[in-house]
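Just below is one structure, and these are the notes that go with it.
Just follow the structure's listing: the first ligand is 1, and inside any ligand the first atom is 1.
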Amino acid sequence: MRIGILGSGLMGGKLGTIWARAGHEVVFSYARSEQKLKKLAREAQGNAKAGTPGEAAREAGALLLAVHWSRVDDVLKQAGDLSGKTIVSCSLPMNADNTDLVIAHTSSGAEALAKRVPKARIVSAFGTVPSEVLFGVFAARRKARKPSLVYCGDDARSKKIAAELIRDVGFDAVDAGPLRIARYTEPFTLLIAQLAYEGDEGPELAYRFEGFARKR
Ligand SMILES: NC(=O)c1ccc[n+]([C@@H]2O[C@H](COP(=O)([O-])OP(=O)(O)OC[C@H]3O[C@@H](n4cnc5c(N)ncnc54)[C@H](OP(=O)(O)O)[C@@H]3O)[C@@H](O)[C@H]2O)c1
């Protein structure tokens, strides 16, 4: 699949690298220097290149939106027409100093994004884990016991694409339902961040849901 990365920072840089190594075609876009995008593409050691957001969006089977909430409008404007595109978003609606959600409870960042680009198909995914864990999960992808990763969205086809991308990283993809469930997954991320950055184990942290019904 061709994947356009909109925002090549901690999340976009690592996920794009992993997907290139998993065999996808990746276009890194939106950083403050083109040099950084080129370096990411080079070091991905796969089918990856640097481009503009418009180039990343063109012919993309999926886009990853991975920018600070304050940059969403700007990157979407640069990406151009996103009608019919699958946008997998890990972007959280955080305030300027990343201390709190600016949308919560009665809506979510994912739903606000869907209103902002109504013709695109939004899936909320990857926002519930710290970037620091991504390479470790990918390295352990062949192990039987995988960490979970929740995702939600309203479009079945796009959710299937997102689930494939989640599995490519090495997670068990857990379908949490429609996009409005991002009202619960986004605040959950603040718990994960608390454990990752204030806890004793460090930020290489993921979570796993265990089903017990089968095991009784
Ligand atoms: N980091 C995490 O562990 C984590 C976990 C879950 C969810 N999230 C969410 O995921 C999203 C991305 O987070 P992140 O940590 O990956 O952010 P980040 O490292 O700051 O990456 C954002 C990207 O946007 C680029 N950018 C910022 N301002 C720009 C501008 N004016 N022009 C062009 N490019 C610009 C940055 O460029 P530079 O590369 O030049 O800085 C960077 O490539 C956020 O919404 C965050 O809340 C993050």
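Atom 20 (O) of ligand 1 is not flagged as protein-proximal [any protein heavy atom, distance under 4.0 Å].
Here is the list of ligand 1 atoms found below 4.0 Å of a heavy atom in Tyr197: 3 (O). Against a heavy-atom cut-off of under 4.0 Å, Pro130 is close to the following atoms of ligand 1: 3 (O). Residue Gly127 has at least one heavy-atom neighbour below 4.0 Å for each of these atoms of ligand 1: 6 (C), 7 (C).
Not a single N or O atom of Trp69, backbone or side chain, sits closer than 3.5 Å to an N or O atom of ligand 1. Inclusion of Leu92 in the set of residues having an N or O under 3.5 Å from an N or O of ligand 1 is warranted.
The protein atom (non-hydrogen) at minimum distance from atom 45 (O) of ligand 1 is Val67 O, 2.7 Å. Nearest protein heavy-atom neighbour of atom 22 (C) of ligand 1: Ala66 O, 3.7 Å. If you check which protein heavy atom lies closest to atom 7 (C) of ligand 1, you get Cys90 O, 3.4 Å. Counting protein heavy atoms only, atom 17 (O) of ligand 1 is closest to Leu10 N, 4.5 Å. Nearest protein neighbour of atom 23 (C) of ligand 1, counting heavy atoms only, is Gly9 N, 3.8 Å. With hydrogens left out, the protein atom closest to atom 3 (O) of ligand 1 is Ser131 N, 2.8 Å, a heavy atom. Summary of contacts: the protein heavy atom closest to atom 16 (O) of ligand 1 is Met11 N, 2.8 Å. Among all non-hydrogen protein atoms, the one lying nearest atom 5 (C) of ligand 1 is Val129 O, 3.3 Å.
Looking only at distances, a side-chain donor or acceptor of Glu55 sits under 3.5 Å from a matching main-chain atom of Thr52.
When the options Glu186, Lys36, Arg71 are ranked by their closest heavy atom to atom 31 (N) of ligand 1, first place goes to Arg71. When the options Glu34, Gln78, Arg32, Met94 are ranked by their closest heavy atom to atom 36 (C) of ligand 1, first place goes to Arg32.
Under the salt bridge (charged side-chain N to carboxylate O under 4.0 Å, His left out) test applied with Glu25, the options Lys49, Arg2, Arg58 reduce to a single match, Arg2.
A 6.0 Å sphere centred on NZ of Lys39 holds no more than 12 heavy atoms belonging to other residues, nucleotides or ligands. Counting heavy atoms of neighbouring residues, nucleotides and ligands inside a 6.0 Å radius, atom OH of Tyr207 exceeds 12 of them. Around CG of Asp200, the count of heavy atoms belonging to other residues, nucleotides or ligands within 6.0 Å does not exceed 12. Residue Arg21 qualifies as enclosed at atom CZ: its count of foreign heavy atoms under 6.0 Å is above 12.
Side chains of Asp168 and His24 form a contact here, defined as non-hydrogen atoms less than 4.5 Å apart. In this structure the side chain of Thr128 never reaches within 4.5 angstrom of the side chain of Tyr151, judged on heavy atoms.
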Trp19/Phe28 under ring pair (Phe, Tyr, Trp, His ring centres under 6.0 Å): CA gap, chis, key distance, verdict: CA-CA 11 Å; Trp19 288 325; Phe28 289 104; 9.8 Å; no
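Ion pairing between Asp73 and Arg116 holds under the 4.0 Å rule for side-chain N and carboxylate O.
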